Amino acid sequence: MSPSISRRHLLRTAGATAVASAAGALADSSPAGAAVPPRVAGIGVSASPFALGQVRLTESRWLDNQNRTRAYLHFVDTDRLLYNFRANHGLSTGGAAANGGWDAPAFPFRTHVQGHFLTAWAQLYAVTGDTTCRDKALHMVAELARCQANNDAAGFSAGYLSGYPESEFTALEERTLDNGNVPYYTIHKTLTGLLDVWRLIGSVQARDVLLALAGWVDRRTGRLSRGQMQTMLQTEFGGMNTVLTDLYLQSGDARWLTVARRFDHAAVFDPLAAGQDRLDGLHANTQVPKWIGAAREYEATGTTRYRDIATNAWNACVGTHTYAIGGNSQAEHFRAPNAIAAYLKQDTCESCNTFNMLALTRELFTLDPDRAALFDFYEQAWLNQMIGQQDPADSHGHVTYFTPLEPGARRGVGPAWGGGTWSTDYDSFWCCQGTGLEMHTRLMDSVYFHSDTTLVVNLFVPSVLSWPQRGITVTQTTSFPVGDTTTLRISGDATGTWAMRIRIPGWTSGATVAVNGETQEIATTPGSYATVTRSWAAGDTVTVRLPMRVVLRAAADDPSVVAVTYGPTVLSGDYGDRSLGSLPVLDASSVARTGSGSLAFTAVADGSTVGLGPFHDAHGHNYTVYWKRAGSSAAAGSVTSQPGAR
């Protein structure tokens, strides 16, 4: 979303009663019992993620991030989040204070963030069984139902639900909307939040509110011609094709698939279907949710064109528009292919965009689980940008909008309006704050995947997997990425023969896999999967070693501009409070690790020694991610030079 408006032109008592009523409609009090399975299986799906709640994080930076977000989700006042909905639908705000930032009463697309809260509460309940989060979600759903039920009195059509008048949609359709609102963007967030409360918590009331709002979308868009619809799609609409396709898959009602396909944006889809990269100049995060929708539409229909659109979009974005940390875009826009060094600015790598690229990657992996490059990228962005997106010094886990890559940049410093500053409790509510809530309540959702007879290990993070279908638990223990080894111990009733496939990242060489201390004679080709097939027993331990080395990754538009990586980790220079007017000139041969217990390095740049460390830990000081490489000869010592925009 854009930080610039000009550019993009009940009382608590009643609420508590409503929550109690909604809770009574749940399928079960436990997360596993409450979850509602989808009615339609996806076409072409060869691997599936485990359900939230089957994987839990153990002590690590990832768990710390989750816990800080959990604290904020407990803290936030649900009635403040309901202020604009209640006011717009003619109900009392109950004395609640209004929010600021992007949820202020006069902000054009107010009430976009509430859907993110619904999703985050539902996810955390599914992951941990947190009943506080469940009850907050149910309270909000009950109040949204009251708002929706008052539509006649408010002068709105049946099913409508938003924080601004329905007339905004008339203006959108007539192309006279000039106040910066993006109405379907906000509707998408509300639909998705309601869907997640239905499918993860089992709330029948959330389902009913969702279906009523989706029915309103159907009636509203069904009266438009294809030409009118395509013209309207020039205004950002989030992932409407995604959530409506998901509603079809969840409910089995083909009506929603028909509505979803009305949101297929031909001006974006047609070039991508032909394998053309026409991203230059496009508002980046307007596009990525459409691509996720294309992947989901393939799973719903089997139409290969959708799969091609999603795959070609991923290839273009990751291959030629992605910075070393895994993010993309500058000032929220794609630039020309391979334009990296030319756009090292304060407003690079919008967090929403990276979050959505991770979602797209996850979808594509379910369709092509042999393609290890998908999770090489996922790891790159998940580790280097998204973990560091959150402020570890903030008990509420607030996040940045952009991740600056200019020399001498600092996280949390930048323009307050959707810039580099940290989000706040009640005065920000940017899109990236919303996706941050989702990100840090599902950090574990792609560590493991499975088919009927295969376990796939994609990420190396301390975690415990419960796989009741096979009667086993898998415990992963690791100091990765500080250390290069991870262990996976199997417990439970582990009888039977099945395969474990372990990602061997493209950045390693000489990887080994051992079972119970015995090295396996299996292929460990970088950028592939190593497969161990055996009759497993409780107590079996798999040890994976992924050797790391320092690699310089050159920007495609200027090979003298490089980022320093160690294994999957981008290393940044620590410049304290010092300002940098240009990229420091790095003596590549001087990069050296200073100890095995941390990812601490030193190097010589501009003739002086500078400390380097993991970029995800670059907090509270000025840093540089990119460097000017001294000379043009090959780097000495252990440093390897590698071309490419990433």
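These numbers come from the heavy atoms of this one structure, side chains and all, not from hydrogens, waters or symmetry mates. What you see is a predicted model, and the numbers here were worked out from it, not measured in a lab.
Checked by atom type and distance alone, the side chain of Tyr323 pairs as donor or acceptor with a backbone atom of Tyr343 at under 3.5 Å. Within the 3.5 Å criterion, the main-chain N or O of Ala342 finds no donor-acceptor partner in the side chain of Arg335. Proximity of a side-chain donor or acceptor of Lys136 to a complementary backbone N or O of Val76 within less than 3.5 Å is detected.
His112 and Tyr185 have tilted rings, their planes meeting at an angle from 30° to 60° on a 0 to 90° scale. Note on ring orientation: taking the six-membered ring where Trp is involved, the planes of Phe365 and Tyr529 are tilted (angle from 30° to 60°).
Put simply, CD on Gln123 and NE2 on His116 are 11.0 Å apart, with the number rounded to the nearest 0.5 Å. Rounded to the nearest 0.5 Å, atoms CG (Asp347) and CD (Gln330) are 4.5 Å apart.
With no hydrogens or angles considered, no side-chain donor-acceptor pair links Arg134 and Ser203 at under 3.5 Å. Side-chain atoms of His440 and Gln389 include a donor-acceptor pair closer than 3.5 Å. Arg220 and Thr170 are linked by a side-chain donor-acceptor pair at a separation below 3.5 angstrom, with hydrogens and angles left out of the test. Judged purely by distance below 3.5 Å, without hydrogens or angles, the side chains of Gln433 and Trp102 never pair a donor atom with an acceptor atom. Using a 3.5 Å distance cut-off with no hydrogens or angles, the side chains of Gln114 and Asp103 do pair a donor with an acceptor.
For Thr403, the side-chain contact (heavy atoms from CB on, under 4.5 Å) criterion is met by Ile325, Cys349, Gln385, Thr400, Arg411, Phe615, Tyr623, not counting sequence neighbours. Residues forming a salt bridge (charged side-chain N to carboxylate O under 4.0 Å, His left out) with Asp208 (at least two apart in sequence, or on another chain): none. For the side-chain contact (heavy atoms from CB on, under 4.5 Å) test, residues two or more places apart in sequence or in another chain that qualify with Asn150 are Leu91, Ala153. For Pro289, the side-chain contact (heavy atoms from CB on, under 4.5 Å) criterion is met by Asn285, Asn356, not counting sequence neighbours. When the side-chain contact (heavy atoms from CB on, under 4.5 Å) test is applied to Asn88, the partners found at least two apart in sequence or on another chain are Phe156, Tyr160, Pro165.
The side-chain contact (heavy atoms from CB on, under 4.5 Å) test with Thr221 is passed by exactly one of Arg262, Gln228, Met240, Glu173: Arg262. Among the candidates Phe169, Phe109, Phe263, the single residue satisfying the ring pair (Phe, Tyr, Trp, His ring centres under 6.0 Å) test with Phe237 is Phe263. Here the options are Asp445, Thr366, Val456, the test is side-chain contact (heavy atoms from CB on, under 4.5 Å), and the partner is Pro49; only Thr366 passes.
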For Tyr306 and Asp264: C-alpha separation, side-chain torsions, deciding distance, then whether side chain to side chain contact (heavy atoms under 4.5 Å, CB included) applies.
CA-CA 10 Å; Tyr306 284 128; Asp264 290 353; 2.4 Å; yes
Please evaluate residues Leu443 and Ile387 with respect to the criterion side chain to side chain contact (heavy atoms under 4.5 Å, CB included), reporting the C-alpha separation (whole Å), side-chain torsions for both, the decisive distance (0.1 Å), and the verdict.
CA-CA 9 Å; Leu443 287 164; Ile387 294 298; 4.0 Å; yes
Report the C-alpha separation of Leu195 and Trp198 in whole Å, then their side-chain angles, then the decisive distance to 0.1 Å, and conclude whether the side chain to side chain contact (heavy atoms under 4.5 Å, CB included) test is met.
CA-CA 5 Å; Leu195 178 58; Trp198 174 27; 3.8 Å; yes
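Residue Gly281 comes nearest to His333 through the heavy atom pair O-CD2, 3.2 Å, listed as atom of the first residue, atom of the second, then distance. Closest of all the heavy-atom pairs between Ile201 and Ala122 is CD1-CA, 3.8 Å. Closest heavy-atom contact between Leu279 and Ala316: CD1-CB, 4.3 Å. Between Val399 and Gln390 the shortest heavy-atom distance is CG1-CA, 4.0 Å. The minimum heavy-atom distance between Gly202 and Val36, with the atom names listed, is CA-CG2, 3.9 Å. Taking each heavy atom of Thr242 and Ile292 in turn, the nearest pair found is OG1-C, 3.8 Å.
Applying the 6.0 Å contact sphere to CZ of Arg39 captures no more than 12 heavy atoms from other residues, nucleotides or ligands. Counting non-hydrogen atoms of other residues, nucleotides and ligands closer than 6.0 Å to CZ of Arg226 gives a total of 12 or fewer.
The six-membered or imidazole ring of Trp121 lies away from that of Tyr125, with a centre-to-centre distance of 6.0 Å or more.
Ion pairing of Arg371 with Asp376 is absent here, as no side-chain N (NZ or NE/NH1/NH2) approaches a carboxylate O to less than 4.0 Å.
The list of side chain to side chain donor-acceptor pair (under 3.5 Å) pairs with a residue in residues 248-258, not counting sequence neighbours, reads Asp218-Arg255.
A 4.5 Å side-chain heavy-atom check between Met140 and Leu82 finds at least one atom pair inside the cut-off.
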